[in-house]
Amino acid sequence: MVTEIKHELVKIIVANTEYAVPSNLTIMKALEYLGWRLDRGVGCRAGFCGACSTIYRLQGDHKLYTGLACATMVENGMLIAQIPISPANKKQYNIEALKAEPNTMLEYYPEIAKCISCNTCTKACPMDIEVMDYVQAALRGDITQAALLSFDCIMCGLCATRCPAEISQFNVGILARRLYGRYIAPKYKQLDKRVKEVEKGIYDAEIDKMIKAEKKQITKLYNARVREKD
Amino acid sequence: MTVDPYPDYMRESINKVEKTRDKRAKETIDQCSPDEITDVLNNFHPDFIKEQKTKLRFGVSKGEVVPLEVAKIVETKSVLNPKAIDLKKIDFDTDILIVGGGGAGANAALWALKSGVKPENILIVTKLRMGDSNTTMAQGGIQAAVRSVDSPAIHYLDAYGGGHYENDPPLVKRLVRDAPLVLKWYEELGMMFDKFDDGTMDAIHGGGTSRKRMHFAKDFTGAEIMKTLRDEVFNNNIKVLEFSPAIELIKDENGQVAGAVLLNLDSKEYIVVRAKATILTTGGFGRLHIQGFPTTNHYGATFDGCIMGYRAGAPLKLMKSVQYHPTGAAFPEQIVGLLVTEKVRGKGAQVVNKNGEQFCFPLETRDVEASLLIRECVGKNNGIVTPTGQPGLWLDSPLIEVIHGEGTIEKNFAAMVKQFGRFGVDMIQDPILIYPTLHYQNGGLAINENAETKIKNLYAAGEVHGGAHGSNRLMGNSLLGISVFGRAAGISAAKKVGKVTLGKLTLAHVGQYNALCDEHKVKNPPSPIIFPDYTEAKHKDRILPTDFLI
Ligand SMILES: Cc1cc2nc3c(=O)[nH]c(=O)nc-3n(C[C@H](O)[C@H](O)[C@H](O)COP(=O)(O)OP(=O)(O)OC[C@H]3O[C@@H](n4cnc5c(N)ncnc54)[C@H](O)[C@@H]3O)c2cc1C
Ligand code: SF4
Ligand code: SF4
Ligand code: FES
């Protein structure tokens with residue numbers, strides 16, 4: 001059943017030098033194929049951490065593309081450069097002292113008012129987030145919308161790299177999400193109740209009894225559990 | 001027209017899966033009986049292959065059964081030549097050194113801070129960037145017994161039985177007892193857990209749970225936790241050194257741990273950190289590729305913390321058991337090994353063989369589920385083999401929408417839809433191919449419920465430790481574990497630092513360990529390795545020494 005597949009080679013240009021690599025590789029694996037042992041621009045290797053931000057051009061195409069090296073396949077004529085760290089504007093705040101008010105976002109990141117609605121950030125985002133829309137929501141003071149729209153952000157910084165208004169969108173996003181999570185989303189009341197019970201030590205005796213129980217006894221208990229219906 | 005990512009023979013099998021889907025939607029398979037569990041584990045779990053294990057020959061845990069790959073990396077000399085290090089010049093003098101910038105590390109830092117340690121007296125050092133970690137990758141959720149039908153005691157039983165009664169009971173107690181507390185703190189920090197309109201957090205089953213207690217933030221639970229904790233670390237001016245992995249612990253003349261030697265990955269200089277408390281939060285070992293399995297883990301998961309701790313005299317435990325996640329991607333080739341979260345089965349997707357038949361209960365504990373899948377493929381030959389030779393079974397994702405309605409997959413598994421979509425596979429329309437993948441380091445450094453190791457001033461928390469999860473961790477208990485024990489480490493270190501006085505610094509323990517290696521004539525390459533090496537051998541032979549450039 002197993003058939004060896006030979007992949008055609010494609011030309012990529014890294015550090016202004018041309019190499020031939022198999023066409024089935026991601027940019028990240030292509031670099032390793034070239035003999036590079038990576039110590040930068042690499043993290044989860046799965047599109048979750050934003051460590052592998054990459055910009056590239058394609059042959060015969062004037063556009064500058066953005067992508068994650070771990071999740072973008074090489075293409076013939078790809079001209080590649082990585083941006084492993086995004087120099088960003090991060091404001092410091094004490095989340096407990098903030099208020100989720102319409103102008104909070106603007107107060108910390110006044111530059112969002114300079115957004116020219118060019119949508120470049122949205123086009124640059126490897127997570128297909130409506131980046132411009134969340135920046136605009138933040139500008140309008142719609143924290144909820146900014147939080148929900150930016151939720152999938154992996155903070156790769158590619159949007160910020162491309163923004164003509166020099167906004168660090170992803171830091172705007174996390175502020176919105178934290179304001180939403182702390183102040184706007186309804187609180188889980190049963191959780192408060194359970195915390196109090198735990199602090200009173202209500203469950204300790206029952207657990208201690210299990211700790212002291214013989215293996216046979218505890219095995220019996222375990223095997224007798226009834227699984228709650230889905 | 002879009003090209004079918006699946007070759008014809010796989011498509012034919014998918015057709016069979018589709019044919020049986022409606023019938024299967026109503027079909028349930030019983031969970032395995034205790035006897036069946038023993039049988040399938042013994043015959044098909046990779047941990048039970050004797051030739052793949054060995055006993056450590058020296059060090060504090062001499063005799064401990066470990067995978068061959070672990071022995072190779074533990075029974076070896078240090079990459080550091082202790083004689084080449086000048087410990088008199090201290091680059092950073094701190095109260096608390098935290099090694100590892102993942103979830104456990106961030107928790108330790110923030111709780112040390114909350115316990116009164118000043119931010120300038122806390123130092124986090126990490127291998128890649130702050131937050132590049134397994135924590136960021138966790139999708140499924142975090143367990144906490146909050147609902148009124150649930151209780152920490154039930155949680156205890158699930159975790160202890162699920163861990164095959166090999167867990168340290170006091171650790172399990174702390175794990176389940178503190179769970180609501182850490183979840184509450186996370187809510188206060190502003191993490192966006194999925195909630196109903198009245199504020200109740202959504203909760204689902206994970207493998208081995210008897211109550212629905214997995215709380216989640218879509219399929220970005222770990223990312224949501226990590227992004228928020230990192231934001232807090234930055235908000236509080238806690239110092240972070242990135243791209244500066246620790247390579248050995250430093251002790252003092254009285255045998256207490258007193259900091260670490262780091263490596264600056266750019267200048268290749270060493271950095272000496274003196275600390276009154278050192279907390280290891282370096283995470284797991286997926287990148288050792290035990291038994292050749294692909295892994296779900298991030299690039300820096302190379303067992304460094306356990307190695308450093310072991311050389312300093314801290315015992316390892318439960319290293320015999322390794323967690324293989326039942327459902328890693330098996331196709332397409334670019335994402336082999338990456339995680340398909342258990343929640344997909346939690347939402348109703350069944351595991352189905354090449355003939356479209358369901359053959360097991362989809363939510364057994366992970367070790368049992370993985371073994372059942374391996375049996376179906378290897379033992380019964382009912383799997384599908386991809387063009388690159390990777391065996392796999394179908395995870396019938398479209399079934400989720402048959403049960404819960406259209407849009408459910410996109411709403412709950414956006415990250416995964418994207419991950420497969422990038423390579424042309426549409427998991428809403430088609431099932432996805434999966435096979436067990438190396439996921440979690442069940443064992444690790446032994447600690448007590450305050451996250452203290454056996455060595456003075458040395459703490460460990462998170463995946464680097466062994467004990468809370470026994471020989472099989474339940475889904476959602478690791479994000480919980482890093483939160484509970486990261487917090488515990490921060491609090492207990494903060495309490496102790498005032499009373500610590502350090503003597504003269506030394507790396508004698510490293511020298512002694514190296515001597516033991518000589519005695520046992522080990523020939524393994526030195527460790528820790530810091531990063532896996534995915535370059536081909538042909539390059540190795542041609543590498544010139546470049547020290548003259550530094
Ligand atoms: C894909 C995936 C999905 C998961 N899903 C879930 C889930 O749904 N629920 C759940 O409970 N658990 C889940 N887990 C497990 C859980 O995410 C991890 O076990 C947990 O997050 C580990 O946290 P940690 O802080 O101990 O380690 P990590 O988060 O891995 O952090 C370790 C840190 O230490 C650094 N480091 C390593 N070596 C050194 C060194 N020598 N010097 C300095 N720094 C170093 C690393 O770079 C990293 O920053 C999942 C794991 C993976 C990989
Ligand atoms: S919003 Fe910006 S930082 Fe976030 S994922 Fe998209 S491009 Fe990256
Ligand atoms: S790139 Fe900058 S200016 Fe353009 S839409 Fe995005 S935030 Fe606004
Ligand atoms: S390495 Fe994490 S997103 Fe690419």
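Reckoned from all heavy atoms, side chains included, excluding hydrogens, waters and symmetry mates. Keep in mind that this is a model prediction, so the values were computed, not measured. Order of the sequence lines fixes the chain letters, A, B, ..., with proteins taken first and strands second; residue numbering starts at 1 for each chain.
Contacts of B/Ile335 with chain A are absent, with no heavy-atom separation under 4.5 Å from either backbone or side chain. Heavy atoms of B/Glu232 lying under 4.5 Å from chain A belong to its backbone as well as its side chain. Only the side chain of B/Lys418 comes within contact range of chain A, with at least one heavy atom under 4.5 Å from a heavy atom of that chain. For B/Asn134, no part lies under 4.5 angstrom from a heavy atom of chain A. For B/Ala144, no part lies under 4.5 angstrom from a heavy atom of chain A. Both the backbone and the side chain of B/Ser148 come within less than 4.5 Å of a heavy atom of chain A. Only the backbone of B/Pro532 comes within contact range of chain A, judged by heavy atoms closer than 4.5 Å. Using a 4.5 Å cut-off between heavy atoms, B/Arg422 contacts chain A through its side chain alone, with no backbone atom that close. Looking at B/Asn237, both its backbone and its side chain come within 4.5 Å of chain A, counting heavy atoms on both sides. Neither the backbone nor the side chain of B/Tyr186 comes within contact range of chain A; no heavy atom of the residue lies under 4.5 Å from a heavy atom of that chain. Heavy atoms of B/Met201 lying under 4.5 Å from chain A belong to its backbone as well as its side chain. Using a 4.5 Å cut-off between heavy atoms, B/Pro152 contacts chain A through both its backbone and its side chain. Heavy atoms closer than 4.5 Å to chain A are found in both the backbone and the side chain of B/His298. Only the side chain of B/Val149 comes within contact range of chain A, judged by heavy atoms closer than 4.5 Å.
B/Asp132 approaches A/Ala51 most closely through the heavy-atom pair OD2-CB, 3.7 Å. The nearest pair of heavy atoms linking A/Arg194 to B/Pro180 is CG-CG, 3.7 Å. The shortest non-hydrogen separation linking A/Ala46 to B/Leu338 is CB-CD1, 3.6 Å.
Proximity to chain B among residues 219-228 of chain A is limited to A/Thr219, A/Leu221, A/Tyr222, A/Asn223, A/Arg225, A/Val226, A/Arg227, A/Glu228, judged by heavy-atom separations below 4.5 angstrom.
Proximity of A/Leu38 to B/Phe531: side-chain heavy atoms (C-beta onward) are nowhere separated by under 4.5 Å. B/Phe220 is listed as a side-chain neighbour of A/Phe48, based on a closest heavy-atom distance under 4.5 Å. By the 4.5 Å heavy-atom criterion applied to side chains, A/Tyr33 and B/Glu536 are counted as neighbours.
Of the possible donor and acceptor atoms, none in the side chain of B/Asn235 sits under 3.5 Å from a partner among the backbone N and O of A/Asn94. The closest donor-acceptor contact from the side chain of A/Gln92 to the backbone of B/Phe234 lies under 3.5 Å. Using a distance-only test at 3.5 Å, with no hydrogens or angles considered, no donor-acceptor pair links the side chain of A/Tyr188 to the main chain of B/Val146. Judged by distance alone, with hydrogens and angles left aside, the side-chain atoms of A/Lys29 form no donor-acceptor pair with the main-chain N or O of B/Tyr534 at under 3.5 Å. Checked by atom type and distance alone, the side chain of B/Glu188 never pairs as donor or acceptor with a backbone atom of A/Arg182 at under 3.5 Å. Between the side chain of B/Arg129 and the backbone N or O of A/Cys49 there is at least one donor-acceptor pair closer than 3.5 Å.
Heavy-atom pairs under 4.5 Å with chain A were tallied for B/Arg542, B/Lys127, B/Lys538, B/Arg287; the largest tally goes to B/Arg287. No other option in A/Asn171, A/Thr26, A/Asp152 has as many heavy-atom pairs under 4.5 Å with chain B as A/Asp152. Chain B forms more heavy-atom pairs under 4.5 Å with one residue of A/Lys193, A/Glu206, A/Lys187, A/Glu199 than with any other, namely A/Lys187. Among B/Ile530, B/Thr200, B/Leu128, the residue with the largest count of heavy-atom pairs under 4.5 Å with chain A is B/Thr200. Chosen from A/Ala185, A/Gly47, A/Gly50, the residue pairing most often with chain B at heavy-atom distances under 4.5 Å is A/Gly50. Of the listed residues B/Gln31, B/Lys540, B/Lys218, the one with more heavy-atom pairs under 4.5 angstrom with chain A than any other is B/Lys218. Between chain B and the residues A/Asp192, A/Asp39, A/Ile95, the largest count of heavy-atom pairs under 4.5 Å involves A/Asp39. No other option in A/Glu32, A/Arg37, A/Lys91 has as many heavy-atom pairs under 4.5 Å with chain B as A/Arg37. Comparing B/Phe196, B/Phe243, B/Phe423 by how many heavy-atom pairs each has under 4.5 Å with chain A, the most go to B/Phe243. Of the listed residues (A/Leu179, A/Leu34, A/Ile184), the one with the most heavy-atom contacts under 4.5 Å to chain B is A/Leu34. Looking only at heavy-atom pairs under 4.5 Å with chain A, the residue among B/Met137, B/Lys212, B/Met191 that has the most is B/Lys212.
Using a 4.0 Å cut-off between a side-chain N of Lys or Arg and a carboxylate O of Asp or Glu, A/Lys189 and B/Asp198 do not qualify as a salt bridge. Taking the charged nitrogens against the carboxylate oxygens, A/Asp208 and B/Lys173 do have a contact shorter than 4.0 Å, which makes a salt bridge. Using a 4.0 Å cut-off between a side-chain N of Lys or Arg and a carboxylate O of Asp or Glu, B/Asp231 and A/Lys90 qualify as a salt bridge. For the pair B/Asp266 and A/Arg40, the salt-bridge criterion is met [side-chain N within less than 4.0 Å of a carboxylate O].
Rounded to the nearest 0.5 angstrom, B/Arg177 CZ and A/Asp204 CG are separated by 4.5 Å. Note that OH of A/Tyr203 and NE2 of B/His155 are 13.5 Å apart. Values are rounded to the nearest 0.5 Å. Note: B/Leu157 CG to A/Ile218 CD1 = 5.5 Å, rounded to the nearest 0.5 Å. Considering NZ of A/Lys215 and OH of B/Tyr165, their distance stands at 7.0 Å, rounded to 0.5 Å. Rounded to the nearest 0.5 angstrom, A/Lys196 NZ and B/Leu181 CG are separated by 12.5 Å.
Residues B/Gln334 and A/Asn24 have side chains that never bring a donor and an acceptor to within less than 3.5 angstrom of each other.
In this structure, B/Lys195 forms no cation-pi arrangement with A/Tyr180, as its terminal cationic atom is not both closer than 6.0 Å to the ring centre and no more than 45° off the ring axis.
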(message) Evaluate A/Asp230 against B/His205 for side chain to side chain contact (heavy atoms under 4.5 Å, CB included), listing each step before the verdict.
(response) CA-CA 7 Å; A/Asp230 281 291; B/His205 271 302; 3.4 Å; yes
(message) Working note: B/Met192 + A/Leu148, criterion side chain to side chain contact (heavy atoms under 4.5 Å, CB included); need CA distance, chi angles, decisive distance, verdict.
(response) CA-CA 9 Å; B/Met192 286 171 59; A/Leu148 297 177; 3.8 Å; yes
(request) For side chain to side chain contact (heavy atoms under 4.5 Å, CB included), just list the numbers for B/Glu224 and A/Arg177, CA-CA rounded to whole Å, side-chain angles, deciding distance to a tenth of an Å, and then say yes or no. (result) CA-CA 10 Å; B/Glu224 180 66 4; A/Arg177 293 196 299 281; 4.2 Å; yes
